[in-house]
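Quick notes on the structure that follows.
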There are 2 protein chains.
Amino acid sequence: MSRQNLKQAGLKVTQPRMKILKLLEATDKRHVTAEDVYKMLLNKKEDIGLATVYRVLTQFEAAGLVVRHHFEGGQAVFELANDDHHDHMVCLKTGKIVEFYDDIIEKRQKEIAKEHGFEITDHVLVLYGNFTDKK
Amino acid sequence: MSRQNLKQAGLKVTQPRMKILKLLEATDKRHVTAEDVYKMLLNKKEDIGLATVYRVLTQFEAAGLVVRHHFEGGQAVFELANDDHHDHMVCLKTGKIVEFYDDIIEKRQKEIAKEHGFEITDHVLVLYGNFTDKK
DNA sequence: ATGTATGCAAAACATTTGCACCTGG
DNA sequence: CCAGGTGCAAATGTTTTGCATACAT
């Protein structure tokens with residue numbers, strides 16, 4: 001439950017933090033910008049400043065509750081962190097984002113890093129393009 | 001030769017464009033920010049505005065002469081485009097960037113895209129971490 | 001000549017920060 | 001009560017733009 005997540009993260013359970021976390025859990029958009037969150041809160045008549053949204057999301061990121069991505073286009077997008085790692089496919093036309101995970105790629109990355117005496121702390125794999133199928 | 005590249009790209013051969021292109025070809029740093037370019041030009045007593053550097057780099061990108069990357073940390077970095085695609089390994093401590101290419105990963109990306117009815121126009125794979133070896 | 005490029009300063013963005021006030025435990 | 005959190009406005013850092021001037025063809 002949200003309240004627990006915040007406490008575990010060592011964050012005081014305040015209204016803004018609770019509201020933002022719940023919103024992230026409730027929304028059907030897995031990937032949102034700080035501005036998105038801010039506007040969604042405005043629509044709900046919640047009175048939270050944009051600066052606070054940024055601060056809270058940054059704290060959530062530090063706590064591992066959310067992941068911040070820098071896809072194309074200035075704004076960073078945040079997604080609720082779920083246990084498993086995954087990469088992204090971003091449609092340049094519609095903005096649609098699909099997540100995927102591939103063991104072969106993950107394994108090769110580790111091998112390649114080792115070959116270069118490199119220790120991976122994180123990685124980003126994003127495919128940009130567009131969906132061609134019916135739907 | 002630089003002059004040709006510009007003409008082929010449909011860009012008028014002006015001093016700023018020539019100087020920036022030559023600088024990119026001459027420097028040993030493959031990855032530079034707009035600010036880097038601007039400062040390098042200042043050091044050479046070339047009088048080119050930062051705005052022009054941005055404009056020119058953006059045109060070069062559109063022309064396929066350079067590639068723009070958004071690694072961690074606000075600024076975009078540009079690299080001279082050479083025929084072959086490659087991915088990057090970025091050291092979070094030193095900023096060192098190593099390029100690599102792996103057929104297995106490239107192939108899997110295409111397969112995965114196909115599985116999702118997705119047409120890749122571009123992709124980004126960056127490993128963040130740090131080099132552990134001697135050097 | 002003449003349409004395009006440039007330089008400068010100002011604007012535009014996304015994000016961060018300073019500070020007085022509010023709030024959770 | 002009191003450290004920490006919040007809102008607002010102002011600051012920041014990067015990139016873009018408007019406009020008068022300069023340049024390439």
Side-chain angles (χ1 to χ4, degrees), chain A residues 1-23 31-42 44-63 65-78 95, chain B residues 1-23 31-42 44-63 65-78 95:
Chain A
M1 197 259 182
S2 309
R3 179 168 268 100
Q4 301 315 320
N5 293 327
L6 292 180
K7 286 196 172 170
Q8 287 174 216
L11 295 173
K12 199 179 276 187
V13 179
T14 64
Q15 288 219 314
R17 298 214 261 240
M18 278 297 282
K19 283 173 182 162
I20 292 174
L21 184 49
K22 283 191 173 169
L23 187 154
H31 304 81
V32 292
T33 63
E35 190 98 25
D36 287 339
V37 172
Y38 176 63
K39 284 181 183 158
M40 289 164 119
L41 289 169
L42 277 192
K44 297 182 129 196
K45 308 280 184 259
E46 305 289 7
D47 197 9
I48 297 184
L50 180 56
T52 299
V53 174
Y54 273 105
R55 272 187 290 234
V56 169
L57 287 174
T58 299
Q59 293 158 350
F60 284 4
E61 183 191 18
L65 291 175
V66 306
V67 179
R68 183 194 304 243
H69 298 287
H70 290 93
F71 296 150
E72 303 240 313
Q75 297 142 92
V77 304
F78 298 82
Chain B
M1 197 258 183
S2 310
R3 181 167 266 100
Q4 301 315 320
N5 294 327
L6 291 180
K7 286 195 172 168
Q8 287 174 216
L11 295 173
K12 198 179 278 186
V13 179
T14 63
Q15 288 221 313
R17 298 214 260 240
M18 279 297 282
K19 283 173 182 163
I20 291 174
L21 184 50
K22 283 191 173 169
L23 186 153
H31 304 81
V32 293
T33 64
E35 190 98 27
D36 286 340
V37 173
Y38 176 63
K39 285 182 183 159
M40 288 165 120
L41 289 169
L42 277 193
K44 297 181 130 197
K45 309 279 184 256
E46 304 290 6
D47 196 10
I48 298 184
L50 180 55
T52 300
V53 173
Y54 272 106
R55 273 187 290 235
V56 169
L57 287 174
T58 300
Q59 293 158 349
F60 283 5
E61 183 191 17
L65 292 175
V66 305
V67 178
R68 184 195 303 243
H69 298 287
H70 290 93
F71 296 149
E72 303 240 314
Q75 297 144 95
V77 304
F78 299 82

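- One atom, CZ of A:Arg68, and another, P of C:dT16, lie 6 Å apart when rounded to the nearest Å.
- The side chain of A:Gln75 lies closest to C:dA14, out of D:dT25, C:dA14, D:dG7.
- Between A:Thr52 and B:Ala34, the one whose closest nucleotide on DNA chain D sits nearer the 5' end is A:Thr52.
- Side-chain proximity of B:Gln15 to D:dA24, C:dG25, D:dT17: nearest is D:dA24.
- The residue among B:Ala76 and A:Val56 whose nearest nucleotide of DNA chain D is located toward the 5' end is A:Val56.
- Among residues at least two apart or in separate chains, side chain to side chain donor-acceptor pair (under 3.5 Å) pairs with a member in residues 32-42 of chain B are B:Thr33-B:Asp36.
- What separates NE2 of A:His69 from P of C:dA14 is a distance of 19 Å, to the nearest Å.
- Distances shown here put every side-chain N or O of A:Thr14 at or beyond 4.0 Å from the OP1 or OP2 atom of C:dG24.
- Between B:Arg17 and the phosphate of C:dA5, there is a side-chain N or O to OP1/OP2 separation shorter than 4.0 Å.
- Residue-to-nucleotide contacts include no donor-acceptor pair under 3.5 Å from the side chain of A:Arg3 to the base of C:dG24.
- One finds no side-chain N or O of B:Tyr54 lying less than 4.0 angstrom from the OP1 or OP2 phosphate oxygen of D:dT16.
- The side chain of A:Thr58 lies closest to C:dT16 when the candidates are C:dA14, C:dT16, C:dG25.
- In plain terms, the two heavy atoms of A:Val53 and A:Ile20 that are nearest each other are CA-CD1, 4.0 Å.
- Between A:Thr52 and A:Pro16, the shortest heavy-atom contact is CG2-CB, 4.0 Å.
- A:Ile48 places its CD1 atom 14 Å from the C1' atom of C:dT23, with the value rounded to the nearest Å.
- Residues A:Leu6 and A:Met18 approach most closely at CD1-SD, 3.6 Å, considering heavy atoms.
- Following rounding to the nearest Å, B:Gln59 (CD) and D:dT15 (C1') show an atom-to-atom distance of 14 Å.
- In this model, a donor atom of one side chain and an acceptor atom of the other lie less than 3.5 Å apart for A:Arg68 and A:Thr58.
- Comparing D:dT16, D:dT15, D:dC8 by their nearest atom to the side chain of B:Leu50 picks out D:dT15.
- At whole-Å resolution of the value, CD in B:Glu35 and C1' in D:dT16 are 15 Å apart.
- Taking only side-chain atoms of B:Lys12, from C-beta outward, the nucleotide of C:dT4, C:dT15, C:dT6 with the closest atom is C:dT4.
- Rounded to whole Å, the distance from CG on B:Leu6 to C1' on D:dA24 is 13 Å.
- Rounded to whole Å, the distance from CZ on B:Arg55 to C1' on D:dT17 is 8 Å.
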